[in-house]
Amino acid sequence: MEGVPGMNTVPNPNHYDKSIVLDIKPLRSLRPVFPNGSEGPPFVGCPPFGPSSSTTGYSHFFPFGAQQPTQDTPDLNQTQDTPPPSFVPPLRSYRTPTPVSNGPSSSTGAKRGRPKGSVNAKKKDKTVPKEPTLDVQVVKRFSGVFDCGISAAEREDGTGDLVSSVLMRFDAVRRRLSQVEYAKAATAKAAGSLMSNGVRTNMKKRVGTVPGIEVGDIFFSRIEMCLVGLHMQTMAGIDYITSKAGSDEEPLATSIVSAGRYDGEAQDPESLIYSGQGGNADKNKQASDQKLERGNLALERSLRKGNGVRVIRGEEDPASKTGKIYIYDGLYSISESWVEKGKSGCNTFKYKLVRVPGQPPAFGYWKAVHKWKEGLTPRTGLILQDITSGVESKPVSLVNDVDNEKGPSYFTYISTLKYSETFRIIQNTAGCSCRGSCAPGDLNCYCIRKNGGDLPYLYGVFLVSRRPMIYECGPTCPCHASCKNKVIQTGLKFRMEVFKTANRGWGLRSWDPIRAGSFICEYAGEVKDKGELRMDQEEDEYVFDTSRVYSSFKWNYEPALVDEDPADEIPEEFNLPSPLLISAKNFGNVARFMNHSCSPNVLWQPVICEGNGESVVHIAFFAIRHIPPMTELTYDYGVALTSEARDGSVLHGKRHCNCGSVKCRGSFG
DNA sequence: GGCTCCTCATCTCT
DNA sequence: CAGAGATGAGGAGC
């Protein structure tokens, strides 16, 4: 198809060696679109999508005699000549690479300004309807067609499973849209897609707590809070229940978002001075007195009635200077209100809110971490400043504030794998020959080609979606050290601590907030074989074993929500050339302290670092969902397939599980 | 339909 | 080249 934006920056598809691309095809077609709960492998229904297939599966239906989307349905990916559909998406997908570092490819076709076909073209550029915008496509193709699996009742009132499922589906879609051409407004686009397809919950406005949302939960955009009913205003800082038509009731405040940029905010974690809304100066408007209406009236009314108001603290995201992070800090009560002159000299409403006692720390942790980092207050129970002895670029503290144990047993800290010659997988590969940063869609790049044309990561930080295998540029690839396809080799990104848990020995957690998809660490240790390990397996609890049985779960984006063909969906199950055993008993990194959970917040992904004419499989850990500061990091250890592990149809691990999750299977390992 | 909102992500200018 | 300012899109509620 002519005139497709982005095409001009990518080599002509006819020039590819199609056999290379088609090699990848089998990997993409192994897996059903969505696992059906009743037919899945053991342990299907583990988080995040919950035990009910009603929240995971989807099916198409065609109400009102609507035309079924057939092969004839206009699809931007399809040309009349129909090249193999399997390799079309990457070609269409990639926008002009963002100019980064000194990559030569980034300057060739770099467009200035907003490209045609982007959202802006909707109104202005009606003469070029070649590529409808994403939202138009979504409405056209999926309105009334896509079954989101969320019932009308669940849309009104949510549960913990539903909330985390909605947030995960949102972020998967957001990451995918960022990865392909809609990077500009990926957040808004993702939200639009989910909302128009009914993927949301807790839409009923309510005072007080919201089902499935806990104090301390973090969010990375206002729209996320909107999707799960914590704060339903995308822009306004005050949310409230309006009076019913015909009644003379006044509005009642439900939640506020503190932006942290007004006077008196964000200092004391137990109280907050909040400014009313309205009266702000605008380009076309002078500042004016605020009026006692809308949110201001609602807060006033809540003050008199004494109802709790949810408070969300907005802060700068430490990982991104332009980004914001929102911390749900629980319920506050409004203690007083007054009017004062603002900077502009106009009347501004002020409200003092005091945190309801007895809630776990949330914003309090945030403030505490800042003080620990700046050395203003010492970390309670600190045993060792840095257990890595400088091996990692960021220190990892050792902390015990529960008992007198002085630390875990001795081991040597290493940051990656140790392996002998026998474990090298000899392949005829020398990595890529790119200079600068490898670019998505550039099938001249060996490493990109191995990834099916995708750059599997976003901004060199986030895993976009799980894959059977990820191929990183290795140390001998000539691309720059900041190449966005080098992620797990770049070390720890978060300030972490090894800490003593109440009942699970030592554990790992982060002082920093961790956004969904973030790379956390790899599993460092000695690569061993079965025989070698069998000799000391009894006491070696620090083994990572890829041959165990792992819970199946859906983490990747749903093609329908990003207007892609489900047939192109990449399977999430790993695909290792041979089983991999890593022992971190004597040599290891922070990963050896990550405990098992049946409701984990971390997943693992096999990664091969190319180059040197050999490839070694690494195990890399990524965040399943947003992880608040000081929350323990856990992953699913799986269950070993030994003869004693089988008991009828149920698999039993060797170790008793203390994860405390409602979905706890009771054992693991 | 028009207006507003303690926004979001980008581009442009300094 | 970082930081500030400009910009237009965006959803929901009134």
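Residue numbers start from 1 in every chain, and the chains themselves are labelled A, B, ... in the order their sequence lines are given, proteins ahead of strands. As the structure is a prediction and not an experimental result, all values here were calculated from the model.
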Inset, instruction - Could you tell me whether A:G278 contacts a base, only the sugar-phosphate backbone, or nothing, with contacts defined as non-hydrogen atoms closer than 4.0 Å? - result: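 Since only primed, P, OP1 and OP2 atoms lie under 4.0 Å of A:G278, the category is sugar-phosphate.
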
Inset, instruction - Classify the nucleic acid contact of A:R174 as base, sugar-phosphate or nothing, counting any heavy atom under 4.0 Å across all strands shown. - result: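 Counting heavy atoms under 4.0 Å across all strands, no contact is made by A:R174.
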
Inset, instruction - Pull out every stem in DNA chain B, meaning runs of 3 or more consecutive Watson-Crick or G-U wobble pairs with both distances under 3.5 Å. - result: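 Detected stem regions: B:2-5 with C:11-14, B:7-14 with C:2-9.
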
Interatomic distance where [atom1] belongs to [X] and [atom2] belongs to [N] [whole Å]:
{"X": "A:L194", "N": "C:dG11", "atom1": "CG", "atom2": "C1'", "result": "14 Å"}
{"X": "A:M235", "N": "C:dG13", "atom1": "CE", "atom2": "C1'", "result": "13 Å"}
{"X": "A:E316", "N": "B:dT7", "atom1": "CD", "atom2": "C1'", "result": "15 Å"}
{"X": "A:L177", "N": "B:dA9", "atom1": "CG", "atom2": "P", "result": "12 Å"}
{"X": "A:Y351", "N": "B:dC6", "atom1": "OH", "atom2": "C1'", "result": "14 Å"}
{"X": "A:M232", "N": "B:dT4", "atom1": "CE", "atom2": "P", "result": "24 Å"}
{"X": "A:M195", "N": "C:dG10", "atom1": "CE", "atom2": "P", "result": "14 Å"}
{"X": "A:N296", "N": "B:dC5", "atom1": "CG", "atom2": "P", "result": "11 Å"}

Inset, instruction - Could you identify which residues of residues 328-337 of chain A place a heavy atom less than 4.0 Å from some atom of DNA chain B, listed by residue number, or say none? - result: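 Result for residues 328-337 of chain A: none.
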
Legend entry - Within residues 213-227 of chain A: residues closer than 4.0 Å to DNA chain B (heavy atoms):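 The stretch gives A:S221, A:R222 as the residues lying under 4.0 Å from the strand, ordered by number.
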
Inset, instruction - Could you check if a side-chain atom of A:L194 sits within less than 4.5 angstrom of a side-chain atom of A:R200, using non-hydrogen atoms only? - result: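 No, every pair of side-chain atoms sits at 4.5 Å or beyond.
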
Inset, instruction - Under the side chain to side chain contact (heavy atoms under 4.5 Å, CB included) rule, collect the residues that match up with A:A236, sequence neighbours excluded. - result: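 Scan of A:A236 (side chain to side chain contact (heavy atoms under 4.5 Å, CB included), adjacent residues dropped) gives A:Q233, A:Q277.
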
Inset, instruction - Could you list the residues that satisfy side chain to side chain contact (heavy atoms under 4.5 Å, CB included) with A:L303, not counting sequence neighbours? - result: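 Only A:E300, A:I334, A:S337 meet the side chain to side chain contact (heavy atoms under 4.5 Å, CB included) criterion with A:L303.
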
Legend entry - Summary of salt bridge (Lys or Arg N to Asp or Glu O under 4.0 Å) pairs that have at least one residue in residues 218-242 of chain A, sequence neighbours excluded: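 Non-adjacent pairs meeting salt bridge (Lys or Arg N to Asp or Glu O under 4.0 Å): A:K205-A:D239.
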
Legend entry - Minimum-distance nucleotide to A:R200 side chain [options: C:dA12, B:dA9, B:dC6]: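 Selected nucleotide (nearest to the side chain): C:dA12.
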
Inset, instruction - Choose from B:dC8, B:dC5, C:dG11 the nucleotide whose nearest atom is closest to any side-chain atom of A:T234. - result: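 Closest nucleotide among those given: C:dG11.
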
Counting only side-chain N and O atoms of [X], is one of them less than 4.0 Å from OP1 or OP2 of [N]?
{"X": "A:R294", "N": "B:dC3", "result": "no"}
{"X": "A:Q277", "N": "B:dC6", "result": "yes"}
{"X": "A:K324", "N": "B:dC6", "result": "no"}

Legend entry - Most 5' of A:Y326 and A:Q233 on DNA chain B, judged by nearest nucleotide: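 Between the two, 5'-proximity favours A:Q233.
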
Legend entry - Residues which pass ring-ring contact (aromatic ring centres under 6.0 Å, His included) with A:Y457, listed by chain and number, not counting sequence neighbours: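 For A:Y457 there are no ring-ring contact (aromatic ring centres under 6.0 Å, His included) partners, ignoring immediate neighbours.
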
Inset, instruction - Using the test ring-ring contact (aromatic ring centres under 6.0 Å, His included), find all partners of A:Y351 that sit at least two apart in sequence or belong to another chain. - result: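 With sequence neighbours excluded, A:Y351 shows a ring-ring contact (aromatic ring centres under 6.0 Å, His included) to no residue whatsoever.
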
Inset, instruction - Say whether, by atom type as modelled, one donor and one acceptor occur between the side chain of A:N601 and the main chain of A:R625 under 3.5 angstrom. - result: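 Here the side-chain-to-backbone pair does not exist.
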
Inset, instruction - Using atom types as modelled and distance alone, determine if a side-chain donor or acceptor of A:D454 lies under 3.5 Å from a backbone N or O of A:P456. - result: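 Here the side-chain-to-backbone pair does not exist.
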
Inset, instruction - Identify, with sequence neighbours excluded, every residue that meets salt bridge (charged side-chain N to carboxylate O under 4.0 Å, His left out) alongside A:R355. - result: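 Per chain and number, A:R355 pairs via salt bridge (charged side-chain N to carboxylate O under 4.0 Å, His left out) with A:D329.
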
Inset, instruction - May I have all residue pairs that pass ring-ring contact (aromatic ring centres under 6.0 Å, His included) and include part of residues 317-337 of chain A, sequence neighbours excluded? - result: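 Not a single pair qualifies under ring-ring contact (aromatic ring centres under 6.0 Å, His included).
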
Legend entry - Selection residues 198-234 of chain A - residue pairs positive for ring-ring contact (aromatic ring centres under 6.0 Å, His included), sequence neighbours left out: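 The answer is A:F220-A:H626.
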
Legend entry - Pairing residues for A:D512 by the side-chain hydrogen bond (donor to acceptor under 3.5 Å, both in side chains) criterion, not counting sequence neighbours: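 For A:D512, the residues satisfying side-chain hydrogen bond (donor to acceptor under 3.5 Å, both in side chains) (neighbours in sequence not counted) are A:K373.
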
